[in-house]
Asker: 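Supplied in structure tokens, the structure appears directly below.
Predicted model only: the values in this text are computed from it and were never measured. Keep in mind that the numbers below use all heavy atoms, side chains included, and drop hydrogens, waters and symmetry copies.
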Amino acid sequence: MDFLQSIDWMQLLRCFAVGGLICIIGQILIDKTKLTPARILVTFVTVGAILGGLGIYKYIIDFAGAGATVPLTGFGANLAKGAIEEVQKSGLLGAFIGGVKASSGGIAAAVFFGYIASLIAKPKIKK
């Protein structure tokens, strides 16, 4: 039972609240607009990259932890951070390779688990 005492309950609450807020925004966009899920995905990644590039998303991550890094906005912020760091090391070429280097673990996991899901699920084409 000692592990229950070591849990930072306020951090857990902040994580849940921020992650939930991001999901609520996504659900509102799905329900109230004609945006396709793909456009919403791109919007979230783009907003995260812009906020990350401006240095604003870092404060959201510091506040909410995984509640801010796990959603798509966190992926966008990670892409921007990696590109900025690599530009400082390698110059202009870093803008193209830095984001992919910084996000390679997440990209590899998405491809791997997407493949596993495709083997398990029975996909159907929408009509």
Asker: Cluster question for you: counting only ILVMFWY and a side-chain heavy-atom cut-off of under 4.5 Å, with indirect links fine, are F16 and V18 together?
Answerer: no
Asker: Rounded to the nearest 0.5 Å, what separates atom CG in L79 from atom OG1 in T46?
Answerer: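 Answer rounded to 0.5 Å: 9.5 Å.
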Asker: Search all heavy atoms of G98 against all heavy atoms of E86 and return the closest pair with its distance.
Answerer: CA-CB, 3.4 Å
Asker: For the CD1 atom of I60 and the OG1 atom of T69, what is their distance to the nearest 0.5 Å?
Answerer: 12.0 Å
Asker: Output yes when a side-chain donor or acceptor of N78 lies under 3.5 Å from a complementary backbone atom of G99, and no otherwise.
Answerer: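 Such a contact is absent between N78 side chain and G99 backbone.
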Asker: When you look at L41 and L72, which way does the side-chain contact (heavy atoms from CB on, under 4.5 Å) test go after all the steps?
Answerer: CA-CA 7 Å; L41 178 146; L72 289 168; 3.7 Å; yes
Asker: Closest approach of I22 and T73, non-hydrogen atoms and distance?
Answerer: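 Smallest interatomic distance, heavy atoms only, reads CD1-OG1, 3.6 Å.
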Asker: Is the shortest side-chain heavy-atom distance between I30 and I40 below 4.5 Å?
Answerer: yes
Asker: CD1 of I28 to SG of C23: how many Å apart, nearest 0.5 Å?
Answerer: 11.5 Å
Asker: Determine whether V87 and I97 fall in the same hydrophobic cluster, where Ile, Leu, Val, Met, Phe, Trp and Tyr are linked whenever their side-chain heavy atoms lie under 4.5 Å apart.
Answerer: no
Asker: Listed by chain and number, what are the side-chain contact (heavy atoms from CB on, under 4.5 Å) partners of L21, not counting sequence neighbours?
Answerer: I25
Asker: For side-chain contact (heavy atoms from CB on, under 4.5 Å), just list the numbers for V42 and R39, CA-CA rounded to whole Å, side-chain angles, deciding distance to a tenth of an Å, and then say yes or no.
Answerer: CA-CA 5 Å; V42 170; R39 288 180 191 252; 5.7 Å; no
Asker: Quick check: do D8 and M10 have side-chain heavy atoms less than 4.5 Å from each other?
Answerer: yes
Asker: Quick check: closest heavy atoms across A102 and G82, and the distance to 0.1 Å?
Answerer: CB-CA, 3.6 Å
Asker: For F63, does its backbone N or O pair with a side-chain atom of R14 as donor and acceptor, under 3.5 Å?
Answerer: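 Yes, R14 side chain to F63 backbone: donor-acceptor pair under 3.5 Å.
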Asker: Only one of L51, V45, I50 clears side chain to side chain contact (heavy atoms under 4.5 Å, CB included) with V47; which?
Answerer: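 Among L51, V45, I50, the one meeting side chain to side chain contact (heavy atoms under 4.5 Å, CB included) with V47 is L51.
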Asker: Treating Ile, Leu, Val, Met, Phe, Trp and Tyr as nodes and any side-chain heavy-atom pair under 4.5 angstrom as an edge, say whether F44 and L35 lie in one connected cluster.
Answerer: yes
Asker: So which residues get pulled into L119's cluster when ILVMFWY side chains under 4.5 Å apart are joined, directly or through others?
Answerer: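 Once heavy-atom contacts under 4.5 Å are chained together, L119 belongs with F112, F113, Y115, I116, I120.
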Asker: Compare every heavy atom of G52 with every heavy atom of A80, then report the nearest pair and how far apart it is.
Answerer: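 Answer, listing the atom of A80 first, then G52: CB-C, 4.2 Å.
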Asker: Share the residues that join I84 in a hydrophobic cluster, the rule being Ile, Leu, Val, Met, Phe, Trp or Tyr side chains under 4.5 Å apart at the heavy-atom level.
Answerer: none
Asker: Which heavy-atom pair separates F75 from S103 by the least distance, and what is that distance?
Answerer: CE1-CB, 3.6 Å
Asker: Identify the two heavy atoms, one from A66 and one from P71, that lie closest to each other, and give their separation to 0.1 Å.
Answerer: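 Where A66 meets P71 most closely, the heavy atoms are O-CD, 3.8 Å.
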